[in-house]
Amino acid sequence: MPELPEVEVTKQGVSPHLVDQTVRDLVIRNASLRWPVPDICKNIIGQTIKQVRRRAKYLLIDTDAGITIVHLGMSGSLRILPANTPVEKHDHIDLVLENGRVLRYNDPRRFGAWLWYELPEDGHPLLSKLGPEPLSDGFNPQQLQQELTNKKKAIKLCLMDNHIVVGVGNIYANEALFAAGIHPQAAAGNIDIDRLTILVAEVKQILAQAIKQGGTTLKDFTNADGKPGYFAQKLHVYGRGGETCTACGNLLSEIKLGQRTTVFCGVCQSH
DNA sequence: AGGGCCTCCTGAGAGC
DNA sequence: TGCTCTCAGGAGGCCC
């Protein structure tokens, strides 16, 4: 399940294979993703790819004619393959390059997206209202405190709110709150600047570490070479409800918050 | 306005 | 063994 580190690892993996390449074809085998893949995506045919970027969990493939926006959803992955590689189940889209290779999009659950947008991308409704990148200076304790002022909702829900900070999904929200010693249900507006400072540092540290290790592999994530990441064994709380806390030995609690599984240590994490 | 719930989908795993 | 049920989850969209 790609979160920001997985998308970043994917970007780093596919980017060298795409930049400066000319697109020969775009093959859409199954357009039924989160939104129907529009035919206008084929405007990329004949274009040369200028660069590949990431914004939040979106991958942006830049050309002079427009931008392809790719979201991996829950179960999507991108791989670089020889163009004659046999198609497998859930291989929905091929971006065929003039050099005989293909960028192949596979997504069993089809929660992902493949869209086309013409400049400037900041005007795209999916991208225009996003908060700061968690690894940028724009995400800092002062900014976070300002966003959380008077907010009564749980800090975990705020961490996962793309308007406040992008790219922090369920796994890393659980892990960062554990590392910062903050209870996931703590009222966001009540957390003082000292604790927010720790939280911001932990979010950055955990995401950076996950990227360095190639992302988290839980079920189906692989990088552009089809290799898994190695972060899963580093998780302290996610997926460990009912097991013992790695810090104090107390049993970890598991609750639902915003319909998402939330795991925490009632001893180590406080309001 | 802000918050909360619903929804899309498939595969894994549990339960019978 | 083989069915059926439940759950997982990003994030837009809708409703109150």
Side-chain angles (χ1 to χ4, degrees), chain A residues 1-11 28-38 54-60 69-78 87-93 105-115 117 123-134 146-176 184-190 203 207 210 215-222 228-229 231-232 235 237-242 254-263:
Chain A
M1 43 195 75
E3 296 208 37
L4 184 143
E6 290 77 2
V7 179
E8 178 65 24
V9 168
T10 296
K11 188 206 85 175
I28 303 170
R29 291 186 202 83
N30 185 349
S32 301
L33 301 185
R34 175 165 191 169
W35 300 284
V37 179
R54 178 188 60 74
R55 175 73 173 108
K57 294 176 186 170
Y58 297 97
L59 280 174
L60 308 174
I69 301 175
V70 180
H71 196 293
L72 300 177
M74 260 288 296
S75 57
S77 61
L78 290 171
V87 170
E88 296 180 12
K89 201 173 181 185
H90 309 304
D91 283 342
H92 304 312
I93 298 176
Y105 176 86
N106 180 289
D107 187 359
R109 294 179 205 178
R110 289 190 277 123
F111 273 27
W114 188 293
L115 301 166
Y117 195 68
H124 192 283
L126 289 176
L127 304 172
S128 61
K129 291 176 183 173
L130 295 173
E133 288 288 328
Q146 189 171 351
E147 289 288 346
L148 301 183
T149 303
N150 295 329
K151 278 218 161 50
K152 290 176 183 167
K153 71 178 190 181
I155 182 64
K156 178 165 180 264
L157 296 178
C158 294
L159 264 189
M160 295 177 69
D161 182 341
N162 276 342
H163 303 107
I164 294 173
V165 58
V166 302
V168 183
N170 197 33
I171 298 173
Y172 299 106
N174 277 301
E175 293 299 315
Q185 287 178 299
N190 290 350
V203 167
L207 290 175
T216 301
T217 297
L218 288 175
K219 291 196 178 79
D220 34 28
F221 174 72
T222 59
F231 193 68
L235 298 174
V237 287
Y238 183 85
R240 298 192 62 244
E254 183 168 316
I255 59 172
K256 289 281 184 188
L257 214 47
Q259 300 174 303
R260 312 251 169 87
T261 302
T262 302
V263 184

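Naming: A, B, ... by sequence-line order, numbering from 1 per chain.
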So, is [X] close to the [N] phosphate, meaning a side-chain N or O under 4.0 Å from OP1 or OP2?
X	N	value
His90(A)	dG11(B)	yes
Lys256(A)	dA8(C)	yes
His71(A)	dA11(C)	yes
Gln259(A)	dG4(B)	no
Tyr58(A)	dG12(C)	yes
Lys152(A)	dG3(B)	no
Ser75(A)	dC9(B)	no
Arg110(A)	dT10(B)	yes

Let me know the distance between CG of Leu130(A) and P of dG12(C), rounded to the nearest Å.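 About 7 Å, once rounded to whole Å.
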
Separation of dT10(B) atom P from His92(A) atom NE2, nearest Å, is 8 Å

Test applied, side chain to side chain contact (heavy atoms under 4.5 Å, CB included); reference residue, Tyr238(A); option that passes from Thr261(A), Val263(A), Asn170(A):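 Checked Thr261(A), Val263(A), Asn170(A) against Tyr238(A); only one passes side chain to side chain contact (heavy atoms under 4.5 Å, CB included): Asn170(A).
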
Which of the following nucleotides, dG4(B), dG11(B), dA11(C), is nearest to the side chain of Lys153(A)?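 For the Lys153(A) side chain, the nearest candidate turns out to be dG4(B).
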
In a table with atom names and distances, give each donor-acceptor pair under 3.5 Å that connects a side chain of residues 157-168 of chain A to protein atoms at least two apart or in another chain.
unit_1	atom_1	unit_2	atom_2	d
Asp161(A)	OD1	His163(A)	N	2.8
Asp161(A)	OD1	His163(A)	ND1	3.0

Using a cut-off of 4.0 Å on non-hydrogen atoms, how would the nucleic acid contact of Thr261(A) be classed: base, sugar-phosphate, or nothing? sugar-phosphate

Please report the interatomic distance CD(Glu8(A)) to CD(Glu133(A)), rounded to the nearest 0.5 Å. 8.5 Å

Polar side-chain contact Arg109(A)-dA8(C) base: donor and acceptor under 3.5 Å: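 Indeed, a donor on one side and an acceptor on the other fall under 3.5 Å apart.
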
In the structure I gave you, are the side-chain heavy atoms of Trp114(A) and Ile28(A) within less than 4.5 Å of one another anywhere? no

